[in-house]
Trainee: 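My questions will all concern the structure given below.
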Amino acid sequence: MSDVTYEDRTGTRFERVRLTGASFEDVHLDGARLHDVDLRGASLRMVDLRGLRARDVWLEDVDITGDVENLVINGVDVAPLIDAELDRRDPDRPKMRPTDAAGYREAWDVVERRWAETVERARALTPEQLHERVDGEWSFIETLRHLVFATDAWVNRALLGDPEPWDALDLPHDDMPDSPPVPRDRDARPTLDQVLALRADRMATVRRVVDGLTDEALTATTEPVLEPGYPEPEPYAVTRILRTILNEEYLHRLYAERDLAELSEPAAVAATPDPTPPSSDAQPATTP
């Protein structure tokens with residue numbers, strides 16, 4: 001990992017300061033106190049709000065997408081209500097939280113079926129649209145490249161023990177530090193068929209893993225891969241690895257569907273529900 005040096009302004013007091021339109025990148029505000037602060041129209045992405053306490057706030061016309069747990073609003077924990085509603089809307093969502101080997105096989109059936117539908121939808125776009133970003137999110141091609149990386153990192157490396165499973169088109173999450181020999185070519189512009197060939201190979205690997213899975217194997221942990229790379233060289237619970245892959249596949253397909261709607265039918269995006277992660281004890285591959 002590369003070393004990062006921070007300017008230390010711990011305890012700095014900002015009073016009657018106008019920061020309208022300011023940009024904060026890789027800034028630590030843990031333990032900060034915000035009082036009488038105007039955040040209207042602010043955009044927060046990849047923000048850690050665990051343990052946040054908000055009092056006397058105005059919360060209107062707010063759009064939140066993320067992993068929501070223990071969210072208490074006016075004395076009511078709304079997270080279980082959100083989970084229940086999302087499960088109601090999508091009967092496949094609870095299948096992303098399997099508890100036995102048969103459940104993981106069923107979950108992967110869902111992933112294969114739904115991604116096939118999404119790819120078919122994407123084929124209606126032009127090659128330029130497949131590389132187009134919507135609202136700063138990854139393009140469809142970049143999303144597929146990231147899922148190749150996720151499978152290489154968590155299945156081929158962490159689970160199956162290959163220290164360098166990478167393809168040159170693997171795309172790590174943006175906030176991950178450079179971790180040689182993991183590639184990171186943000187400028188690559190492969191064709192859809194090139195990336196789908198990689199995807200087919202990686203998805204076939206996961207299919208072999210889940211087809212051979214037993215309930216006993218789900219209780220195991222992996223042997224650490226000591227060579228440099230990602231994830232870190234430590235033992236991982238098999239369930240964490242598999243839940244991570246399911247989480248990645250489920251979420252990124254929802255993100256892709258959301259953006260495909262914007263690219264193909266701009267009016268339809270307003271009716272597209274915001275994706276929210278299935279409840280999971282796994283750490284997503286997009287979390288460093």
Trainee: Is it true that R121 and E117 have a side-chain N and a carboxylate O under 4.0 angstrom from each other?
Mentor: no
Trainee: Give me the atom names and distance for the closest heavy-atom approach of R145 to L169.
Mentor: NE-O, 2.7 Å
Trainee: Heavy atoms only: give me the nearest A168-P183 pair and the separation to one decimal.
Mentor: O-CB, 3.9 Å
Trainee: Run W108 and L246 through side chain to side chain contact (heavy atoms under 4.5 Å, CB included) and show every step you take.
Mentor: CA-CA 8 Å; W108 196 249; L246 291 179; 4.0 Å; yes
Trainee: Give a yes or no on whether the backbone of I141 and the side-chain of T143 come within a donor-acceptor separation of less than 3.5 Å.
Mentor: no
Trainee: Report yes if the side chains of P224 and L226 come closer than 4.5 Å at any heavy-atom pair, otherwise no.
Mentor: yes
Trainee: Are any side-chain N or O atoms of R105 and backbone N or O atoms of G212, one a donor and one an acceptor, separated by less than 3.5 Å?
Mentor: no
Trainee: Going by heavy atoms in the side chains, are T205 and L160 under 4.5 Å from each other?
Mentor: yes
Trainee: Within the distance-only criterion (no hydrogens, no angle test), does the side chain of Q194 pair as donor or acceptor with the backbone N or O of T191 below 3.5 angstrom?
Mentor: yes
Trainee: Working note: L196 + L144, criterion side chain to side chain contact (heavy atoms under 4.5 Å, CB included); need CA distance, chi angles, decisive distance, verdict.
Mentor: CA-CA 8 Å; L196 287 178; L144 297 181; 3.9 Å; yes
Trainee: Would you say D48 has more than 12 foreign heavy atoms packed within less than 6.0 Å of its CG?
Mentor: yes
Trainee: Do T214 side-chain atoms and A217 backbone N/O form a donor-acceptor pair below 3.5 Å?
Mentor: yes
Trainee: State plainly whether one hydrophobic cluster holds both I82 and I73, where clusters connect Ile, Leu, Val, Met, Phe, Trp and Tyr through side-chain heavy atoms under 4.5 angstrom apart.
Mentor: yes
Trainee: Decide if atom CZ of R50 counts as having more than 12 heavy atoms of other residues, nucleotides or ligands within a radius under 6.0 Å.
Mentor: no
Trainee: Distance check, rounded to the nearest 0.5 Å: I64 atom CD1 versus L44 atom CG?
Mentor: 9.5 Å
Trainee: Is a salt bridge present between E257 and R114, judged by a nitrogen-to-oxygen distance below 4.0 Å?
Mentor: no
Trainee: Test L242 against V209 for side chain to side chain contact (heavy atoms under 4.5 Å, CB included), laying out the working first.
Mentor: CA-CA 10 Å; L242 296 178; V209 168; 4.3 Å; yes
Trainee: Drop me the distance from L49's CG to D30's CG, to the nearest 0.5 angstrom.
Mentor: 12.0 Å
Trainee: Using a strict threshold of under 4.0 Å (side-chain N to carboxylate O), is an ion pair present between D170 and R184?
Mentor: no
Trainee: Is any side-chain heavy atom of R186 closer than 4.5 Å to a side-chain heavy atom of P172?
Mentor: no
Trainee: Taking L198 as the starting point, is it possible to reach V119 by hopping between hydrophobic residues whose side chains are less than 4.5 Å apart?
Mentor: no
Trainee: Give the minimum heavy-atom separation between P228 and P180, together with the two atoms involved.
Mentor: CB-O, 3.6 Å
Trainee: Under 4.5 Å between any side-chain heavy atoms of R157 and V225, yes or no?
Mentor: yes
Trainee: Just checking, is any N or O donor in the side chain of D8 or T10 under 3.5 Å from an acceptor N or O on the other one?
Mentor: yes
Trainee: When clusters are formed by joining ILVMFWY residues with side-chain heavy atoms under 4.5 Å apart, either directly or through shared neighbours, do V182 and V195 land in the same one?
Mentor: yes
Trainee: Could you state the interatomic distance from CD1 (I245) to CE (M96), rounded to the nearest 0.5 Å?
Mentor: 12.5 Å
Trainee: If we only count heavy atoms from C-beta on, is the D109 to R207 side-chain gap below 4.5 Å?
Mentor: yes
Trainee: Would a 4.5 Å heavy-atom cut-off, applied to side chains only, mark D26 and H28 as touching?
Mentor: yes
Trainee: Please confirm whether the backbone N or O of A101 pairs with a side-chain atom of D215, one donor and one acceptor, at under 3.5 Å?
Mentor: yes
Trainee: Could you work out, with ring pair (Phe, Tyr, Trp, His ring centres under 6.0 Å) as the rule, every residue matching W115, not counting sequence neighbours?
Mentor: none
Trainee: List for me each residue that meets salt bridge (Lys or Arg N to Asp or Glu O under 4.0 Å) alongside R202, sequence neighbours excluded, and say none if there are none.
Mentor: D152
Trainee: When you check the gap from the basic side-chain N to the acidic O, do R208 and D211 get nearer than 4.0 Å?
Mentor: no
Trainee: So does R253 get a backbone contact from the side chain of T118, meaning a donor-acceptor N/O pair under 3.5 Å?
Mentor: no
Trainee: May I ask whether L260 and L254 are part of the same hydrophobic cluster, defined by side-chain heavy atoms of I, L, V, M, F, W, Y residues being less than 4.5 angstrom apart, directly or through others?
Mentor: yes
Trainee: Check R199 with E249, please: is the shortest side-chain N to carboxylate O separation under 4.0 Å?
Mentor: yes
Trainee: Less than 6.0 angstrom separating the ring centers of Y230 and H173, yes or no?
Mentor: yes
Trainee: To check you understand the geometry: which heavy-atom pair defines the closest contact between L218 and T239, and what is its length?
Mentor: O-CG2, 3.2 Å
Trainee: Evaluate salt bridge (charged side-chain N to carboxylate O under 4.0 Å, His left out) for D87 paired with R97, printing each intermediate quantity in order.
Mentor: CA-CA 11 Å; D87 285 350; R97 307 189 293 268; 2.8 Å; yes
Trainee: Taking atom types as modelled and ignoring hydrogens, do the side chains of E248 and H146 form a donor-acceptor contact shorter than 3.5 angstrom?
Mentor: yes
Trainee: Please assess R113 against D92 for the test side chain to side chain contact (heavy atoms under 4.5 Å, CB included), listing each intermediate value before the final yes or no.
Mentor: CA-CA 11 Å; R113 169 173 56 81; D92 283 334; 2.8 Å; yes
Trainee: Write down the atom of A237, the atom of T221, and the distance for their closest heavy-atom approach.
Mentor: CA-CG2, 4.0 Å
Trainee: How long is the straight-line distance from CG of D100 back to CD of E106, given to the nearest 0.5 Å?
Mentor: 9.0 Å
Trainee: So that I can tick it off, tell me whether R93 and D83 are bridged by a salt bridge, with the cut-off set at under 4.0 angstrom between side-chain N and carboxylate O.
Mentor: yes
Trainee: Distance from H252 atom NE2 to R258 atom CZ, nearest 0.5 Å?
Mentor: 10.5 Å
Trainee: Which pair of heavy atoms, one from P94 and one from D90, lies closest together, and at what distance?
Mentor: CD-O, 3.5 Å
Trainee: Is there side-chain contact between F140 and L125, with heavy atoms separated by less than 4.5 Å?
Mentor: no
Trainee: Less than 6.0 angstrom separating the ring centers of Y255 and W138, yes or no?
Mentor: no
Trainee: Looking just at side-chain N and O atoms, do S139 and R133 make a donor-acceptor pair shorter than 3.5 Å?
Mentor: no
Trainee: Does the side chain of L251 reach to within under 4.5 Å of the side chain of N247, using non-hydrogen atoms?
Mentor: yes
Trainee: For the atom pair CG (L159) and CD (E223), what is the distance rounded to the nearest 0.5 Å?
Mentor: 12.0 Å
Trainee: Inspect the surroundings of CD in E25 and state if more than 12 heavy atoms from other residues, nucleotides or ligands are less than 6.0 Å away.
Mentor: no
Trainee: Applying the 4.5 Å side-chain criterion to the ILVMFWY set and letting contacts propagate, would W154 and V148 be lumped into a single cluster?
Mentor: no
